[in-house]
Amino acid sequence: MTDTAYVPPKVWTWNKENGGQFASINRPIAGATHDKELPVGKHPFQLYSLATPNGVKVTVMLEELLALGHKGAEYDAWLIKIGNGDQFGSGFVDINPNSKIPALVDRSGPAPVRVFESGSILFYLAEKFGAFLPKDIKARTEAMSWLFWQMGSAPYLGGGFGHFYAYAPFKIEYAIDRFAMEVKRQLDVLDRRLADNEYLAGKEYTIADMAVWPWYGALAKGLVYGAGEFLSVQDYKNVQRWTDAIAKRPAVKRGRMVNRVSGDPASQLHERHDAGDFETKTQDKIGEPAAT
């Protein structure tokens with residue numbers, strides 16, 4: 001099936017669902033659909049999220065900060081079931097008017113501070129704790145450039161390639177070819193950078209790596225969209241090396257588990273309210289379902 005006969009109307013109107021896996025939560029308007037307050041835990045940071053690549057960025061950052069000894073980075077991670085439309089509840093929309101996870105509230109000061117958009121959250125935490133963002137202006141700028149590279153590039157990977165390759169209700173050769181070409185170009189950009197640099201900003205592991213790894217590391221291991229073979233991800237040797245090195249970090253292993261609702265039950269920690277939860281409250285131990 002193709003859309004070769006489709007002629008766009010003069011004025012677009014929303015008169016049908018667009019199909020695909022996420023049709024039930026896609027709409028052309030913003031704002032809340034229902035009243036729902038968000039829970040608040042005991043820690044300075046309240047995170048409302050799901051372990052998508054964007055969500056993993058922030059839980060990895062928080063776990064890395066705690067691993068460095070920043071006790072002020074303690075956090076409660078609450079599960080937002082995007083398949084159920086939790087992101088359209090009034091409490092969530094108050095934190096992120098864009099209704100996307102992750103969203104963070106810093107309650108460590110006299111008044112709560114909301115932070116939304118994953119890149120902004122990483123930068124906020126790096127600034128607050130003076131960690132994972134180099135002080136040297138050249139390295140700092142390099143890290144920020146790669147952070148913003150991820151912000152601009154990932155939509156082509158997820159909303160572009162991922163949607164048309166894995167989620168669209170039918171396959172469109174033109175769309176898949178267009179976005180596959182772009183994703184492979186992005187992988188080549190990363191591979192060339194990592195050929196002569198241990199990490200994206202140079203020798204130092206930074207928020208740039210934390211932003212890029214959940215998307216492109218997962219892609220390099222064939223963990224998203226079932227597209228590893230299609231994209232020949234094994235050919236990007238430097239991306240593979242970098243991906244493996246980051247995956248071995250203990251804080252990264254913990255961060256990947258938080259708000260996860262798929263895969264091995266032992267890797268799923270639906271909510272995180274204490275460091276001990278990794279040992280006692282994963283799904284293999286409590287066995288409670290969490291629909292997304």
Side-chain angles (χ1 to χ4, degrees), residues 41 43-78 101-108 113 115-136 139-140 142-151 154 190 194 197-218 220-221 241-260 267-269 271-279 282:
H43 294 305
F45 290 100
Q46 301 296 302
L47 177 66
Y48 305 93
S49 192
L50 181 70
T52 66
N54 286 332
V56 167
K57 298 175 193 176
V58 178
T59 49
V60 164
M61 176 62 165
L62 288 165
E63 291 296 329
E64 291 280 15
L65 288 168
L66 290 170
L68 277 185
H70 294 287
K71 294 182 180 179
E74 269 293 354
Y75 69 104
D76 293 278
W78 304 93
I101 62 94
L104 182 75
V105 179
D106 179 359
R107 294 181 173 272
S108 64
V113 176
V115 197
F116 62 91
E117 291 297 326
S118 58
S120 178
I121 296 172
L122 291 177
F123 179 68
Y124 179 84
L125 293 171
E127 288 277 278
K128 184 179 181 75
F129 292 100
F132 300 111
L133 189 57
K135 299 293 189 293
D136 171 75
R140 180 186 178 88
E142 191 73 22
M144 293 301 295
S145 293
W146 285 105
L147 174 66
F148 280 92
W149 177 87
Q150 189 277 318
M151 301 292 117
L190 288 175
L194 293 167
N197 295 276
E198 185 176 2
Y199 297 107
L200 290 172
K203 295 181 179 180
E204 190 174 341
Y205 172 65
T206 71
I207 56 173
D209 302 288
M210 295 181 206
V212 175
W213 182 84
W215 281 102
Y216 293 88
K221 295 301 176 184
R241 184 270 306 162
W242 168 85
T243 296
D244 291 341
I246 293 176
K248 292 176 182 177
R249 298 178 67 90
V252 171
K253 292 178 181 179
R254 291 192 298 273
R256 288 191 71 248
M257 296 170 66
V258 179
N259 298 142
R260 183 165 297 282
S267 74
Q268 298 181 37
L269 182 63
E271 292 187 354
R272 187 268 192 208
H273 303 291
D274 185 85
D277 291 348
F278 292 101
E279 301 299 326
T282 52

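- Taking the salt bridge (charged side-chain N to carboxylate O under 4.0 Å, His left out) definition, one finds that E204 meets it with nothing, sequence neighbours left out.
- Listed here is the closest heavy atom pair of H70 and A131: NE2-CB, 4.1 Å.
- Legend: residues meeting side chain to side chain donor-acceptor pair (under 3.5 Å) with R140, ordered by chain and number and at least two apart, are E127.
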- Please test W215 against N54 for side chain to side chain donor-acceptor pair (under 3.5 Å), starting from the C-alpha separation and ending with a verdict. CA-CA 8 Å; W215 281 102; N54 286 332; 3.0 Å; yes

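- Scanning both residues, T206 and P134, for their nearest heavy atoms gives CG2-CD, 3.8 Å.
- Distance CG/L62 to CZ/F45: 7.0 Å, rounded to 0.5 Å.
- Distance CD/E117 to CG/L104: 13.0 Å, rounded to 0.5 Å.
- Considering CZ of R254 and OG1 of T59, their distance stands at 11.0 Å, rounded to 0.5 Å.
- Between R256 and W213, some side-chain heavy-atom pair lies under the 4.5 Å cut-off.
- Y48 is linked by a side chain to side chain donor-acceptor pair (under 3.5 Å) to nothing, counting only residues two or more places apart in sequence or in another chain.
- Taking the ring-ring contact (aromatic ring centres under 6.0 Å, His included) definition, one finds that W149 meets it with W146, Y216, sequence neighbours left out.
- To the nearest 0.5 angstrom, E142 atom CD is 8.5 Å from L200 atom CG.
- A search for salt bridge (charged side-chain N to carboxylate O under 4.0 Å, His left out) contacts involving D244 returns K221, not counting sequence neighbours.
- Of all the heavy atoms in D274 and G276, the pair that sits closest is OD2-N, 2.7 Å.
- Legend: residues meeting side chain to side chain donor-acceptor pair (under 3.5 Å) with R249, ordered by chain and number and at least two apart, are E64.
- Partners of F132 according to the ring-ring contact (aromatic ring centres under 6.0 Å, His included) rule, which considers only residues two or more places apart in sequence or in another chain, are Y205.
- Within the 4.5 Å cutoff, the side chain of F129 has no heavy atoms near those of the L68 side chain.
- Put simply, NZ on K71 and CG on L66 are 10.5 Å apart, with the number rounded to the nearest 0.5 Å.
- No side-chain heavy atom of R260 sits less than 4.5 Å from a side-chain heavy atom of L269.
- The side-chain contact (heavy atoms from CB on, under 4.5 Å) check on N197 picks up R193, with sequence neighbours excluded.
- Contact check for M210 versus L147: no side-chain heavy atoms found under the 4.5 Å cut-off.
- When the salt bridge (charged side-chain N to carboxylate O under 4.0 Å, His left out) test is applied to D106, the partners found at least two apart in sequence or on another chain are K128.
- The side chain to side chain donor-acceptor pair (under 3.5 Å) test applied to Q150 returns K57, not counting sequence neighbours.
- Put simply, the side chain of S118 reaches to within 4.5 Å of the side chain of M151, judged on heavy atoms.
- The ring-ring contact (aromatic ring centres under 6.0 Å, His included) check on Y75 picks up nothing, with sequence neighbours excluded.
- Not counting sequence neighbours, R107 has no partner by the salt bridge (charged side-chain N to carboxylate O under 4.0 Å, His left out) test.
- Side-chain contact between P102 and I121: present, with at least one pair of heavy atoms (C-beta onward) separated by less than 4.5 Å.
- Residues P214 and A211 come closest through the heavy atom pair CD-O, 3.6 Å.
- Going from atom CD of E63 over to atom NZ of K253 covers 13.5 Å, rounded to the nearest 0.5 Å.
- For the residue pair E271 and N259, the shortest heavy atom distance occurs at CA-ND2, 4.2 Å.
- When all heavy atoms of A139 and D136 are compared, the pair lying nearest together is N-OD2, 3.0 Å.
- The main-chain N or O of R272 is never found under 3.5 Å from a side-chain atom of D277 such that the two would form a donor-acceptor pair.
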